Amino acid sequence: MKSQGQYRNQKIRSWGIERQAEHAAPSHWIWTTHNAIMPLRPLQAENPNHSPILLCWILSFSLFWWVSLSIFFIRSLSQIFRALMLLSTEMERLNPDGLELPPPPPIIPPNVVPIVAGEKSLELFKKASAPKRVPMARTGNGTKGQKIPLLTNHFKVAVNKSDDYFFHYSIAMSYEDGTPVDGKGIGRKVLDKVKQTYAMELANKEFAYDGEKSLFTVGPLPHNRLEFTVVLDDVSSTRRTASPGGGSNRADSEGDRKRVKKQFQSKQLNVLINYATKIPMQAIVNAIRGQDSEHFQEAVRVLDIVLRQNAAKQGCLLVRQSFFHNNPRNFADLGSGVLGCRGFHSSFRATQGGLSLNMDVSTTMIVKPGPVLDFLMLNQNVKTPYQIDWTKAKRMLKNLRITTYSSKMEYKITGLSDRPCKEQRFFLKSKKGQDGDGEEITVSKYFAVYKNLPLRDSADFPCINVGKPKKPSYFPLELCDLVSLQRYTKSLTNLQRASLVEKSRQKPQERMSVLRDALRTSNYDADLMLRSSGVSIGADFVHVEGRVLPAPKLKVGNGEDFFPRNGRWNFNNKKLVQPVTIDRWAIVNFSARCDTRNLVSNMMKCGNMKGIAIKEPFMVFDESNQHRREPAPVRVDKMFEYIKSKLPGPPQLLLCILSERKNSDIYGPWKRKNLSELGIVTQCIAPTKVNDQYITNVLLKINAKMGGMNSLLSVEHSPSIPLVSKRPTLILGMDVSHGSPGRSDVPSIAAVVSSRHWPLISRYRAAVRTQSPKVEMIASLFKPVSDKEDDGIIRELLMDFYATSGSRKPDQIIIFRDGVSESQFNQVLNVELDQIIEACKFLDETWSPKFMLIVAQKNHHTKFFQTHSPDNVPPGTIIDNKVCHPKNNDFYLCSHAGMIGTTRPTHYHVLYDELGFSADDLQELVHSLSYVYQRSTTAISVVAPICYAHLAAAQISQFIKFDEMSETASSHGGGVTVPGAVPVPELPKLHKNVINSMFFC
């Protein structure tokens, strides 16, 4: 058999020979005629009487062919000439202005082998026609569970126009000298002025402007291209980089100074409006009916832009579809100069019940408005301005906006001066003198003499620069105030995060009241653009019907079964289902204030009650005082030198006591040393209040890490889980965690956990990899390094399943994916799932497991409320109607008990199902997976495999120390979705002793 490449090359060669023969027809015939003469020469010699006749025949034959060929060539040339004339005429018709045409295609080098046109087009046709996976349609609704009437924070939307169109226009703005205008700065002011001045030319149309380069109307404007000139009374201050405190330079040429002066005093703007496309409003109606509608997202985007425009007119801070009013009652102090600002989210969604407006309470962080010096002292936690670290201050202040006492204008901070105000000089041009006349003067003297503002506090401190690098413009710090409603985009400390959670909590009834007020304040009914779109919004919460699924039965020690109550259970007078024995262990104490003797006594007593046999620790290793000021890695190394000198061999467990919870510098180096280099199970604690509940929680983690199990589902112990227990089934949890906001140099961490010991679904192991920063799609699921070797995540997990499940390959693979938005569903289906399938085929080409893919979303804004109770919805509440997608297979599940604030349900999207789950069986499986979390005695809000994946990524990320790196946080759809070329450090491999453990518990 020939390879495909050989076959293709053979076709190319044969195709070339045939074409060559066709074009060489005249030579071929001449060569044949010549050969016909040669054999006749002997005949002429033998029979001379025949030669004249034969010769005449041959000459006539040759002449006939020459004449035929001449006629053929003449006709061919005539046809070519006629074709060229027609082509020229057509080109003139298509290009009447004589525009320059594109260049001809390049000449193919002789060393390039062409591809047969017919064969290539066939290949492309096959590839284009290959069906792509799309999110599956709903197959039915669940019926199990006790029905419960609920309200949701969706408001019914009526669309009275469906036969009209949204017309999309592009906007270009420029100053009179041609300089482009940044639409983000003054775009809305400019468009408001255009509407006010040229209402007749715009046919009195209402429009929605996105604040940048897009404008939308209902129906067309009078012309596809419109150009207007407007004059603004107040041009954005961001263009005023020249100021009293600097900006002039003696070295500047006279022409430059005049040009700059003219440019920055310009108030006349040119606005060009060009037609782009139109969007049918019928797309909204089609989507609500469950029909595929390619224009639905664009149409809803227009309506969302109307909401943003409505909020912008009220002076709100806009953060995507969340809006924040400048009202001090909505501010909460989080410490360090950061405020939590409460606002509301508002967006349109297509649901089974029709189009709805989803409104929810939203919170963002802003910098505390007021004097800049006060903010810097709060931010750096210092008592006087002389203690401020100005390097940190420069990073913090960059791009923030200020107002000044002297000019009352608003500016953007570009940096700080290199010298203090009393030393920072600039050239002050004389008003009455000629160009070049003036004097060098310090900033502090200028404000004291010329502005009558002597400096009291900031003469010794750097100036704020609001100009450009070559044309600085300075203001003293004490004359500057930070503008309100400026987002704080740095990562929060643990204390700030805890304070934000505490102060943003709202009970269900309080949240409903706030949302009603927000809807009333927004006054959407009076919005002219919504009116012209035929959109009206109801004032009442939408009613939905939920069902409460019963909690799954759990199995604990001694074969005992019990049912959790209200999503909770405890181990009082109960033993763990598979407890471990701890013979060799020690305590490492990095905290001077912990009573280790009492801690050990409580652990041994509590462990015995739970079935964990704990012997006395070998030793308590207290850190020497002389090492406490050393860097964290050095402190860890010194501690292990001490441990190795005392212990006779490696311990089963090291219990590490830290002085701080979560943000300890010791945590990362300690975990890396134990898990990567030594293979020792370790548990870190930072006890503040030691009681039985605290000790029990610590023991649950230790037991799981050392290979034990705390509890199991009765149905997995039986085993009797629908579909899962009948055929070997692998369950995967996938998540990608990113670094702190604004850090593009911190690698993202991809983690995948997999079930093991089928038919159990409570045991898991993890595989973790680094990848390019902010990349959401997992790049290393399938990673072939040779024809026979795959270094990807999936192969590692498949091999573990095979080894722990009786040498069985999984017939079914259920994938739970976290952290992706709806816009990324197709990539998960067609990129990540393809990688997983390829990894399976790489192991065995004949093996074709069935797949199921479910995305879990926590970052959404749908909430549910009981109609007859102020409490949260009960755990196990599931909703798969009314507010769910009109076509796709999705449902909301509140599996946990919301004790504080308002319960946030998890939104599950079933994108792909080859297993054939019924709605009830799938919903019960998802609900049950919220009860197998080994770290706690409560149902959790999302399935355990996803929680484990997030924990694994968060813990392993501590192995690599990044500057200013915060705890990893699951992305919510704002990341890059394709792998980049940014090199990232590889994670150290886990030690063979712990790689298969639940080290992440």
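Model, not experiment: these values are computed from the prediction. Throughout, residue positions are numbered sequentially from 1 according to the sequence presented.
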Legend entry - side chain to side chain donor-acceptor pair (under 3.5 Å) between Asn888 and His909, worked out: CA-CA 8 Å; Asn888 297 346; His909 301 262; over 6 Å; no
Inset, instruction - Measure the acute angle between the ring planes of His927 and Tyr931, then classify it against the limits of 30° and 60° as parallel, tilted or perpendicular. - result: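 The rings of His927 and Tyr931 stand perpendicular, inter-plane angle above 60°.
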Inset, instruction - Could you tell me whether Asp913 and Lys850 make a salt bridge, using a distance below 4.0 angstrom between a side-chain N and a carboxylate O? - result: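 Looking at Asp913 and Lys850, the cut-off is not met.
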Inset, instruction - In plain terms, say whether Glu776 and Arg817 are close enough for a salt bridge, that is, a side-chain N and a carboxylate O under 4.0 Å apart. - result: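 Looking at Glu776 and Arg817, the cut-off is met.
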Inset, instruction - Verify the neighbour count for atom NE2 of His717: are there more than 12 heavy atoms of other residues, nucleotides or ligands below 6.0 Å? - result: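 Check fails, neighbour count at 12 or below.
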Inset, instruction - Answer whether the closest heavy-atom distance between the side chains of Ile794 and Phe842 falls below 4.5 Å. - result: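 Of all side-chain heavy-atom pairs linking Phe842 with Ile794, none is under 4.5 Å.
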Inset, instruction - Going by the ring pair (Phe, Tyr, Trp, His ring centres under 6.0 Å) test, name the single residue among Tyr764, Phe999, Phe816 that passes it with Tyr948. - result: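 The option that passes is Tyr764.
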Legend entry - Lys726, NZ atom: more than 12 neighbouring heavy atoms under 6.0 Å: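 Atom NZ in Lys726 is not packed in, count stays at 12 or less.
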Legend entry - Check: Leu798 and Cys840 side chains under 4.5 Å, non-hydrogen atoms: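 With C-beta onward as the side chain, the pair touches.
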Inset, instruction - Would you tell me whether His738 and Ser748 have side-chain atoms, one donor and one acceptor, within less than 3.5 Å of each other? - result: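 Yes, because at least one side-chain N or O of His738 sits under 3.5 Å from a partner of the opposite role on Ser748.
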Legend entry - Distance-only polar pair, side chains of His896 and Thr903, donor-acceptor under 3.5 Å: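 Not at all, the side chains of His896 and Thr903 share no donor-acceptor pair under 3.5 Å.
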Legend entry - Ion pair Asp818/Lys858, N-O distance below 4.0 Å: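 No, no charged N to carboxylate O under 4.0 Å.
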Legend entry - Basic-acidic side-chain contact under 4.0 Å: Asp790, Arg795: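 So Asp790 does not pair with Arg795 through a salt bridge.
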Legend entry - SB check Lys144 Asp920 (cutoff 4.0 Å):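 Result for this pair is no, no salt bridge flagged.
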Inset, instruction - Without swapping roles, check the side chain of Ser755 against the backbone of Ile731 for a donor-acceptor pair under 3.5 Å. - result: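 Answer holds: yes.
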Legend entry - SB check Arg763 Glu716 (cutoff 4.0 Å):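 Judged by the 4.0 Å cut-off on N to carboxylate O distance, Arg763 and Glu716 do not form a salt bridge.
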Legend entry - Among Val910, Asp880, Leu893, side-chain contact (heavy atoms from CB on, under 4.5 Å) partner for Gln923: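 Among Val910, Asp880, Leu893, the one meeting side-chain contact (heavy atoms from CB on, under 4.5 Å) with Gln923 is Asp880.
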